[in-house]
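Reminder, nothing fancy here: chain letters follow the sequence lines and each chain counts from 1. It should be emphasised that the depicted structure is a prediction, and the values quoted were computed from it without experimental measurement.
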Number of protein chains: 2
Amino acid sequence: MEAEKKPKPSVFDADCSARDALELIASKWAILILGALGEQPMRNGAMLRKIGGISQKMLTQTLRQLECNGLVLREDHGTVPPQVVYRLTPLGGTLNEALAGLDRWAEANFPALDAAREKYLAAQCESTRR
Amino acid sequence: MEAEKKPKPSVFDADCSARDALELIASKWAILILGALGEQPMRNGAMLRKIGGISQKMLTQTLRQLECNGLVLREDHGTVPPQVVYRLTPLGGTLNEALAGLDRWAEANFPALDAAREKYLAAQCESTRR
DNA sequence: CTGTATCCTGTATGATACTG
DNA sequence: CAGTATCATACAGGATACAG
């Protein structure tokens, strides 16, 4: 029970898989896509409309990444025209709950951030004036 | 009470401050720095050691950003040699709690991600073989 | 509709060297 | 110790055109 040999896999370790996991979800598009799918399963076009500012490229790219890591399920109904539905996997669902807290925080506290930024920049400006 | 005029500020809106807030914290370095400071106030050097792989440049840059937005407080004791301590503000503390959930998720579920990825890539490879 | 393939530019970030 | 300045580069991500 030496504290010495404690492997201690943590996000703070540069070469830990946990860090990789963190980087995967530390992306605004990933967070928004998971958030959207958390509300309900959706198709490509619907997400394009739901998530303001995302491009088709980033949507596809991020979805593939999430699918690859088992967070999102891609259901291709193989019809013509194509009907592809994306939904969260159970694992993705658990992540989405942690993420939802973030979204809520952002929506609740951005006024405080804006205020702090303005104050900071004002002080900055004043000190520059001498 | 028309549903029509509902402003509905949401992270899904491209030009909403909430989105800006989200982008601010959707950065691996910001998440890690806040996580480190959540454990205890720390100095530059300590964070450099604590957070594996971060460069002095990114550390300073991200800290300034967080400070500017009122999430981190910078205490310069004005001594020689310099003693600069960083700590979370109350606002930063609330964010850190939401973020801590993410860190925990990453550390708990990265094995599942790794497994899914391996499986996905294997299937990928197989389909490419024909 | 749901993508994929290219091209192209800005930005993010690391390395390195220097300063108070 | 705590930064700042500069340079070089890789990559993110947009625009556009094409395809099944």
Side-chain angles (χ1 to χ4, degrees), chain A residues 13-15 19-20 22-33 36-37 40-69 72-87 120 124 127-128 130, chain B residues 12 14-15 19-20 22-33 36-37 40-69 72-87 120 124 127-128 130:
Chain A
D13 298 323
D15 51 358
R19 174 72 74 89
D20 295 336
L22 186 63
E23 291 189 33
L24 172 67
I25 56 189
S27 136
K28 69 175 173 183
W29 296 133
I31 294 175
L32 291 171
I33 289 176
L37 292 181
Q40 60 178 302
M42 250 183 267
R43 297 175 52 182
N44 185 319
M47 302 184 80
L48 229 35
R49 266 168 272 123
K50 169 86 175 176
I51 304 175
I54 196 172
S55 64
Q56 172 68 57
K57 178 180 177 178
M58 288 317 295
L59 178 58
T60 302
Q61 188 173 305
T62 310
L63 277 172
R64 287 290 175 281
Q65 213 168 186
L66 295 174
E67 188 197 356
C68 170
N69 285 276
V72 160
L73 196 63
R74 180 179 187 272
E75 276 175 37
D76 187 340
H77 294 189
T79 60
V80 174
Q83 299 254 123
V84 180
V85 177
Y86 293 94
R87 68 180 68 251
Y120 182 90
Q124 185 90 71
S127 71
T128 306
R130 21 211 66 275
Chain B
F12 292 116
D15 52 357
R19 174 72 75 89
D20 295 336
L22 186 64
E23 291 187 33
L24 173 67
I25 55 190
S27 136
K28 70 176 171 182
W29 297 132
I31 294 176
L32 291 171
I33 289 176
L37 292 180
Q40 61 178 303
M42 250 183 266
R43 297 174 51 182
N44 186 319
M47 300 182 81
L48 230 35
R49 266 167 271 122
K50 168 88 176 174
I51 304 174
I54 196 171
S55 64
Q56 171 68 57
K57 178 178 178 180
M58 288 317 296
L59 177 58
T60 302
Q61 188 172 307
T62 310
L63 277 173
R64 288 289 174 284
Q65 212 168 190
L66 295 175
E67 187 197 357
C68 170
N69 284 276
V72 161
L73 195 63
R74 180 180 186 272
E75 275 175 38
D76 186 340
H77 294 188
T79 61
V80 173
Q83 299 254 122
V84 180
V85 177
Y86 293 93
R87 69 178 67 250
Y120 182 90
Q124 186 90 72
S127 70
T128 305
R130 24 208 66 274

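- In this structure, B:Glu75 places its CD atom 18 Å from C1' of D:dG3, rounding to the nearest Å.
- Every residue meeting the salt bridge (charged side-chain N to carboxylate O under 4.0 Å, His left out) condition with B:Arg74, not counting sequence neighbours, appears here in chain and number order: B:Asp76.
- Place A:Gln61 and A:Pro82 on DNA chain D by their nearest nucleotides, and A:Gln61 ends up nearer the 5' end.
- To the nearest angstrom, P of D:dG14 lies 8 Å from CD1 of A:Ile54.
- Per the geometry, CD belonging to B:Glu67 stands 15 Å off P belonging to D:dA2, to the nearest Å.
- Heavy atoms only, all atoms of each residue included: A:Met58 and A:Thr62 are closest at O-OG1, 2.6 Å.
- Contact of the A:Val84 side chain with the A:Arg43 side chain is not registered, since no non-hydrogen atoms from C-beta on lie closer than 4.5 Å.
- When side chains are defined from C-beta on, B:Ile54 does not count as touching B:Leu32, because their heavy atoms never get closer than 4.5 Å.
- Between chain A and DNA chain C, the heavy-atom contact criterion of under 4.0 Å yields a 5' to 3' nucleotide range of C:dC1 to C:dC7.
- Between B:Phe12 and A:Arg49 the shortest side-chain heavy-atom distance does not fall below 4.5 Å.
- The shortest side-chain heavy-atom distance between B:His77 and B:Glu75 falls under the 4.5 Å cut-off.
- Listed nucleotides D:dG3, D:dG13, D:dC1 differ in distance to B:Arg43; the shortest reach to its side chain belongs to D:dC1.
- B:Met47 has its CE atom 15 Å from the C1' atom of D:dC1, to the nearest Å.
- Atom-to-atom, CD of A:Gln83 to C1' of D:dG20 comes out at 15 Å; the value is rounded to the nearest Å.
- Rounded to whole angstrom, the span from the CE atom of A:Met58 across to the P atom of D:dA12 amounts to 8 Å.
- Contact annotation: B:Tyr86 reaches the phosphate of D:dG3 (side-chain N/O to OP1 or OP2, under 4.0 Å).
- The only option from B:Val72, B:Leu59, B:Ile33 that meets the side-chain contact (heavy atoms from CB on, under 4.5 Å) definition with B:Tyr86 turns out to be B:Val72.
- Look at NZ on B:Lys57: it is 13 Å from C1' on D:dG3, rounded to the nearest Å.
- In this structure, B:Asp76 atom CG and D:dC1 atom C1' are separated by 11 Å, rounded to whole Å.
- Nearest-nucleotide positions on DNA chain C place A:Gln56 closer to the 5' end than the other of A:Gln56 and B:Lys28.
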